[in-house]
Amino acid sequence: MASEERSENTVSSTIVNLAEEAQDFREGVKAPSPAFLSICKSLVAGGVAGGVSRTAVAPLERLKILLQVQNPHSIKYSGTVQGLKYIWRTEGFTGLFKGNGTNCARIVPNSAVKFFSYEEASKGILWLYRRQTGNGMIHFLFSCLCHSSTYTLLCLKFFQYSIKFYGFAQACVVLKFNSIKEDAKLTPVLRLGAGACAGIIAMSATYPMDMVRGRLTVQTDKSPTQYRGIFHALKTVFVEEGPRALYKGWLPSVIGVIPYVGLNFAVYESLKDWLIRSKPFGLNEDSELSVTTKLACGAAAGTVGQTVAYPLDVIRRRMQMVGWKDAASVVTGDGKSKAPLEYTGMIDAFRKTVRNEGFGALYKGLIPNSVKVVPSIAIAFVSYEVVKDILGVEMRISD
């Protein structure tokens with residue numbers, strides 16, 4: 001009995017010592033916590049990048065949405081050149097930029113949150129990845145010792161049974177308790193995860209603005225009723241259709257964020273790292289990529305992301321138009337529609353779109369979107385890094 005008590009005391013003492021060692025270890029390598037000023041500068045850089053890039057391609061952005069949602073029985077926009085000419089002829093120069101103010105009001109906070117969230121998610125994932133890669137799962141759990149009593153109990157029990165089964169020395173070897181891998185780098189898969197997280201956070205935070213922005217962009221001077229601006233549109237939708245209407249099309253947006261934003265960031269960062277490491281064509285003789293090279297990386301990233309996610313964007317826009325009382329004539333087809341514009345959900349929208357218009361309908365507007373996405377994404381990335389250099393922000397996307 002006494003021997004069992006001594007054994008329990010020994011184990012308890014050992015566990016306490018291990019917990020204190022883990023606490024000391026955790027204090028030695030802390031999660032990054034950037035200064036408030038640096039955070040603000042990063043947000044400003046992301047906001048400027050989004051506003052500049054969207055304004056530069058506003059006519060193509062509007063045409064893309066018009067092509068996505070126009071009634072198939074009353075075609076007004078049949079192509080990129082014809083569509084731009086039609087807008088110019090019927091609505092004038094300002095018609096090319098209709099909805100751009102609302103788009104900028106949405107995209108500035110969206111881009112700011114997206115870029116900032118990516119940097120923070122990247123650093124957080126890398127911080128966890130380094131500990132999990134070098135230390136084994138148990139050391140990773142011990143790093144959370146001060147944050148949760150549940151984690152603490154789990155760690156203690158895990159160690160207790162490991163010590164009884166293996167012995168203390170062997171348990172430490174098996175669990176790789178004393179090792180750490182500080183030189184671990186983010187892999188493309190981890191970058192994809194960080195980019196997807198950033199996109200979902202930013203999109204969800206500003207989605208009601210995106211929903212009404214789509215309707216403001218579609219309406220013309222001949223529309224039965226007019227939204228007078230973003231706040232009037234938000235209020236009208238909220239009152240007439242309910243608060244849930246502000247999130248119509250949210251699900252395909254979330255699903256589309258994963259390949260679109262994730263691949264944008266992953267491809268862009270991977271290309272930059274590859275160019276720096278391999279040094280092809282003498283592009284980076286001074287170990288710093290030029291603006292032109294960054295532009296090409298952003299263009300490639302944007303092309304890959306938008307091609308994969310485009311059908312989800314079409315479905316999202318169509319779902320946003322559902323329930324719009326006195327919808328714009330572009331959507332209703334001047335009353336010539338042969339089928340009501342009603343979708344019970346994302347799958348239903350996919351099914352009805354393909355059944356009524358064919359598979360190609362999922363790529364309506366792809367051409368103007370392809371033309372715009374390359375300069376848009378490229379300008380956004382380059383503008384972001386240029387503004388950060390001007391503001392003197394220490395945090396960089398590839399840190």
Side-chain angles (χ1 to χ4, degrees), residues 29-35 38-47 49-50 53 107 109-135 137 140 143-144 147 181-207 253-277 289 294 297-309 312 373 376-378 380-385 387-388 393-399:
V29 185
K30 295 184 178 180
S33 54
S38 184
I39 293 175
C40 291
K41 289 181 178 180
S42 183
L43 289 171
V44 170
S53 64
I107 204 64
N110 180 279
S111 294
V113 174
K114 182 168 61 180
F115 278 100
F116 171 69
S117 298
Y118 176 76
E119 290 197 347
E120 293 306 300
S122 296
K123 287 196 271 188
I125 289 174
L126 181 59
W127 183 74
L128 297 177
Y129 176 64
R130 284 175 174 173
R131 274 135 204 84
Q132 192 171 11
T133 300
N135 304 326
M137 182 58 71
F140 170 75
S143 70
C144 302
H147 294 285
K181 195 171 183 180
E182 285 293 349
D183 59 343
K185 302 293 184 182
L186 280 178
T187 64
V189 174
L190 293 178
R191 285 176 177 156
L192 177 65
C197 289
I200 291 173
I201 292 171
M203 182 275 300
S204 298
T206 61
Y207 191 81
S253 297
V254 170
I255 297 174
V257 158
I258 295 175
Y260 183 66
V261 178
L263 287 174
N264 275 345
F265 279 108
V267 173
Y268 178 77
E269 293 296 327
S270 296
L271 279 175
K272 282 178 58 180
D273 287 348
W274 175 76
L275 289 171
I276 291 174
R277 286 197 314 270
L289 297 180
K294 292 176 182 177
C297 291
T303 301
V304 172
Q306 67 93 19
T307 301
V308 173
L312 289 163
V373 78
S376 176
I377 297 297
F381 276 105
V382 175
S383 300
Y384 177 69
E385 297 204 358
V387 174
K388 285 181 68 176
V393 182
E394 294 79 10
M395 294 186 299
R396 302 197 64 81
I397 293 179
S398 293
D399 284 346

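What you see below is based on every heavy atom in this structure, not just the backbone, and it leaves out hydrogens, waters and symmetry mates.
- In terms of heavy atoms, T206 sits closest to A202 at OG1-O, 3.0 Å.
- Closest heavy-atom contact between A309 and G256: CB-O, 3.6 Å.
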*asked:* For a side-chain contact (heavy atoms from CB on, under 4.5 Å) check, start with the C-alpha distance between S270 and W274, then their side-chain angles and the critical distance, and finish with the verdict.
replied: CA-CA 6 Å; S270 296; W274 175 76; over 6 Å; no

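- Here the shortest heavy-atom pairing between A301 and V267 reads CA-CG1, 3.8 Å.
- Across every non-hydrogen atom of L271 and C297, the tightest pair is CB-SG, 3.8 Å.
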